[in-house]
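Presented below is the structure to which this report refers.
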Amino acid sequence: MNRTFADLLPTALEARTLIDLAPLRCVDDLLALLDRWAERGWLRALDKAFVAFLAERDPGTDPLVLLAAALTSHQLGHGHVCLDLAQTLEEPDFALSLPPEGDALAGPLLLPSQLLKDLHADAWRATLAASSLVALAADDSGERPLVLAGQRLYLRRYWAYERRIDVALRQRLAEQEATPSDLRARLEQLFGAPAGGRIDWQKLACALATRSAFSIVTGGPGTGKTTTVVRLLALLQAPAVKAGAPLRIRLAAPTGKAAARLTESISAQVKQLEVDANVRDKIPTEVTTVHRLLGSRPGTRHFRHNAANPLPLDVLVVDEASMIDLEMMANLLGAMPAHARLVLLGDKDQLASVEAGAVLGDLCRDAEQGCYSPQTLGWLEQVSGEPLAGSGLRVGSVEDNPLAQQVVMLRHSRRFGEGSGIGQLALRVNRQEAEQARQLLAGEDYQDIFYLSNNDRLNTLLLKGHSGRGPEGYTHYLKVLQARRPAPRTALDSPEWSRWANEVLQAFESFQLLCAVRKGPWGVDGLNQRATQALTSARLIDGDQPWYEGRPVLMTRNDYGLGLMNGDIGIALRLPEGGDVDRQVLRVAFPRNDGQGGVRFVLPSRLNDVETVFAMTVHKSQGSEFAHTALILPDALNPVLTKELIYTGITRAKHWFTLIEPRKGVFEEAVRRKVKRLSGLMLE
């Protein structure tokens with residue numbers, strides 16, 4: 001019998017049907033309750049199965065341990081690496097997927113808040129520490145499925161990932177790299193002499209990255225992360241080329257779309273570099289996905305490159321690092337040669353990875369304040385010439401903030417200036433200034449942000465956009481498709497087809513509808529149907545067919561055989577069949593991830609993992625930009641609605657942004673909520 005649960009529930013058999021509250025007298029009672037939670041959708045079937053496995057392994061275990069295991073497993077589904085016992089006791093029901101506005105099913109059901117109401121964190125921790133299923137972090141034998149570190153409970157695998165990252169980063173931070181004696185002159189060659197006005201954070205980021213095997217450059221859209229890293233690569237490569245031993249540099253991003261964007265951006269930046277041609281030629285422009293870089297083994301969690309078979313490189317740059325989850329970061333660091341430099345780029349304020357962990361956010365805890373030690377500040381002023389005394393940065397110490405010494409936040413956006421409504425709206429949302437953000441949307445001070453309070457004009461927006469301001473919704477790319485089609489009887493091997501397909505793909509990026517959720521009328525599924533129907537009714541597409549010309553599709557999984565990555569977007573086009581110019585078949589055009597603007601054509605029958613993409617989730621849009629982005633919120637508060645999601649949606653827009661809010665007030669509620677993923681990375 002478990003002394004920690006109040007007498008609330010009868011036997012396990014009764015618990016399956018009885019709505020009355022009763023005590024958890026044994027493991028079977030708890031398993032029955034977990035069944036009920038899973039039936040309601042409050043708990044995943046995976047979480048219940050994990051607890052059943054633990055109960056089978058140790059039939060006499062305390063139900064309180066199994067309840068903690070269930071909540072820990074479920075938290076992983078929400079991106080949390082661990083369960084914080086003290087925080088869980090403050091708000092126990094937040095550890096489940098409870099409906100935001102009440103349960104539609106009738107009848108009361110026992111909740112964690114009722115089970116844990118008289119429990120103290122120390123008592124819970126003591127119960128866990130005494131269990132044969134739980135290892136203590138300080139004395140870990142490597143066999144027990146759960147690990148307890150202070151107030152944090154982990155599943156073993158995620159505890160191991162976190163420790164691997166922590167150890168690898170601390171080792172890299174402890175080793176200082178030798179910097180060129182003429183570093184200041186080299187920096188001035190790339191950035192110019194100090195102007196004496198605004199601090200050049202790009203120059204500081206390059207300076208810091210030269211002295212360590214690990215560094216991070218973070219900043220919002222348009223702050224120059226790509227410009228910074230290209231100059232950094234020139235800074236690192238120049239002395240290596242002069243010595244006759246050029247560095248092996250690789251570039252990577254989490255998704256194919258992000259890799260394609262970086263390839264294009266890097267290519268343009270390298271061409272503009274004012275450095276010796278020999279140095280410029282040794283700076284790569286091709287970006288691969290992290291999965292492909294590591295050598296993904298289909299059907300397994302393992303990669304070809306690991307600690308026993310490290311990556312053959314000297315410098316690795318990873319863009320869009322906010323999308324990298326804990327497991328992938330552990331694998332990436334594990335495959336890095338000890339001598340190699342790792343540079344992470346990303347926006348710390350964007351949505352975290354879909355999987356567990358918010359690695360970039362965790363590593364950038366002190367980015368805004370700086371927390372540089374006096375030694376770091378003095379060294380930066382010496383090599384850069386930038387006056388940092390009045391910068392407002394908080395002074396820290398190497399001992400308390402070792403990671404902060406290698407993190408630089410770029411603070412000046414060249415894309416969104418003072419006159420940009422998109423930039424101002426993103427700033428207010430990021431600061432969680434909900435009322436000020438609402439005022440911007442309601443006002444007429446800016447010509448690049450729009451607001452729709454209901455769905456009355458949604459179809460008009462999808463078809464025509466905002467009259468005279470921005471592209472014509474999805475009509476634009478379909479007009480390009482029709483108007484610029486190669487002449488009849490043009491052979492398939494003619495470059496005209498590729499040029500046309502590329503124009504259609506680029507035109508499609510002029511407008512994109514983003515959703516916070518997948519299900520329901522305001523989710524991806526419902527809005528894809530609505531957009532298809534609207535375009536079909538306007539006779540712009542033949543949406544009554546599964547495949548039709550103009551259908552935009554999104555890859556939902558990597559397909560290495562086809563060379564297509566999760567997140568790639570293609571459009572179905574009608575092209576000649578082989579040498580027969582009189583017969584046409586549908587092929588899906590995808591942009592090549594080579595920075596050259598090439599296109600590949602794939603038969604629809606070969607695409608098993610695609611979905612229509614008139615609407616996509618904000619998560620899927622990361623790594624992409626669109627001339628006009630429209631973000632539609634659901635009509636009820638949802639756990640995914642946070643300021644990070646709103647900020648990420650806004651900053652996908654290059655020139656125009658529209659917020660669509662079916663129920664007023666949801667926007668403010670979302671902006672006031674902040675993602676807080678639990679982890680212990682680099683805390684101790």
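Excluded from the calculations below are hydrogen atoms, water molecules and symmetry mates; all remaining heavy atoms, backbone and side chain alike, are included.
Remark: the backbone N or O of A437 is not paired with any side-chain donor or acceptor of R428 at under 3.5 angstrom. Within the 3.5 Å criterion, the main-chain N or O of E368 finds no donor-acceptor partner in the side chain of R394. Side-chain N or O atoms of R125 include one that pairs as donor or acceptor with a backbone N or O of G150 at under 3.5 Å. Looking at K643, its side chain does come within 3.5 Å of a backbone N or O of N430 through a donor-acceptor pair. With hydrogens and angles ignored, the 3.5 Å screen pairs a side-chain donor or acceptor of R341 with a backbone N or O of A209. Checked by atom type and distance alone, the side chain of T223 pairs as donor or acceptor with a backbone atom of G220 at under 3.5 Å. Using modelled atom types, one side-chain atom of Q432 and one backbone atom of R672 make a donor-acceptor pair closer than 3.5 Å. Here the side chain of S73 pairs no donor or acceptor atom with the backbone of A69 at under 3.5 angstrom. Looking at Q350, its side chain never comes within 3.5 Å of a backbone N or O of Q622 through a donor-acceptor pair. Put simply, the side chain of S212 never gets that close to the backbone of S215: no donor and acceptor are under 3.5 Å apart.
Residues L514 and M616 are in side-chain contact: their nearest non-hydrogen atoms beyond the backbone lie under 4.5 Å apart. W124 places a side-chain heavy atom less than 4.5 Å from the side chain of T88. Taking the side chain as every heavy atom from C-beta outward, F50 and L155 approach each other to under 4.5 Å. In this structure, V217 and L208 have side chains that are not in contact, with every pair of non-hydrogen atoms separated by 4.5 Å or more. Put simply, the side chain of L133 reaches to within 4.5 Å of the side chain of T61, judged on heavy atoms. With contacts defined as side-chain heavy-atom distances shorter than 4.5 Å, the pair V408/Y372 qualifies. Annotation: side chain of L332 is in contact with side chain of V318 (closest heavy-atom distance under 4.5 Å). Considering only heavy atoms from C-beta on, F303 stays 4.5 Å or farther from L293 through its side chain.
Closest non-hydrogen pair, V290 versus A252, comes out as CG2-CB, 4.1 Å. Looking at every heavy atom in both residues, T617 comes nearest to R518 through CG2-CG, 3.8 Å. Scanning both residues, L633 and W522, for their nearest heavy atoms gives O-CB, 3.9 Å. Here the closest non-hydrogen pair linking L403 and V407 is O-CG2, 3.4 Å. A pairwise comparison of heavy atoms in G523 and C515 identifies C-SG, 3.8 Å as the closest pair. Residues Q75 and C82 approach most closely at CB-O, 4.2 Å, considering heavy atoms.
Salt bridge absent: D319 and K225 never bring a charged side-chain N and a carboxylate O closer than 4.0 Å. Remark: K348 does not engage E644 in a salt bridge, criterion side-chain N to carboxylate O under 4.0 Å. Salt bridge annotation for E661-R438: present, with a cationic side-chain nitrogen under 4.0 angstrom from a carboxylate oxygen. Under a 4.0 Å N-O distance rule, the pair R152/D84 does not qualify as a salt bridge. At a threshold of 4.0 Å, the pair E143-R156 does not count as salt-bridged, since none of the basic side-chain nitrogens sits closer than that to a carboxylate oxygen. Looking at R163 and D166, a side-chain N of the basic residue comes within less than 4.0 Å of a carboxylate O on the acidic one, giving a salt bridge.
By the 6.0 Å contact criterion, CZ on R557 is open, its count of non-hydrogen atoms from other residues, nucleotides or ligands being 12 or less. The environment of Q176 atom CD is dense: over 12 non-hydrogen atoms of other residues, nucleotides or ligands sit within 6.0 angstrom.
Rounded to the nearest 0.5 Å, atoms CZ (F667) and CG (L631) are 9.0 Å apart. Once rounded to the nearest 0.5 Å, the distance linking CG of L440 with CD1 of I422 reads 12.0 Å. Taken to the nearest 0.5 Å, the CG atom of L34 stands 9.0 Å off from the CG atom of D47. For the atom pair CD of E327 and CD1 of I165, the computed distance is 10.0 Å after rounding to the nearest 0.5 Å. L116 CG to L64 CG: the interatomic distance, rounded to the nearest 0.5 Å, is 6.5 Å. Atoms CZ and CG, from R673 and L645 in turn, are 10.5 Å apart once rounded to the nearest 0.5 Å.
For the residue pair Q436/R431, the side-chain donor-acceptor check at 3.5 Å is not satisfied. With no hydrogens or angles considered, a side-chain donor-acceptor pair links S373 and T376 at under 3.5 Å. With no hydrogens or angles considered, no side-chain donor-acceptor pair links D325 and Y161 at under 3.5 Å.
With a 6.0 Å cutoff to the six-membered ring centre and a 45° limit on the axis angle, R157 does not count as a cation-pi contact of W159. In this structure, R40 forms a cation-pi arrangement with W42, its terminal cationic atom sitting closer than 6.0 Å to the ring centre and no more than 45° off the ring axis.
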Exercise for the section: Show the numbers, then the answer: is there a side-chain contact (heavy atoms from CB on, under 4.5 Å) between L425 and L427? Expected result: CA-CA 5 Å; L425 183 62; L427 180 65; over 6 Å; no
Exercise for the section: Determine, step by step, whether I216 and L345 satisfy the side-chain contact (heavy atoms from CB on, under 4.5 Å) criterion, reporting the C-alpha distance in whole Å, the side-chain angles of both residues, the deciding distance to 0.1 Å, and the verdict. Expected result: CA-CA 6 Å; I216 297 175; L345 306 179; over 6 Å; no
Handout entry: N306 vs N331, side-chain contact (heavy atoms from CB on, under 4.5 Å): CA-CA, chis, key distance, verdict
Key = CA-CA 7 Å; N306 49 40; N331 286 321; over 6 Å; no
Problem - Worked check of side-chain contact (heavy atoms from CB on, under 4.5 Å) between D525 and K519 - result: CA-CA 6 Å; D525 296 346; K519 304 298 182 183; 3.2 Å; yes
Exercise for the section: Kindly determine whether S132 and D58 satisfy side chain to side chain donor-acceptor pair (under 3.5 Å), including the steps that lead there. Expected result: CA-CA 8 Å; S132 64; D58 182 7; 2.7 Å; yes
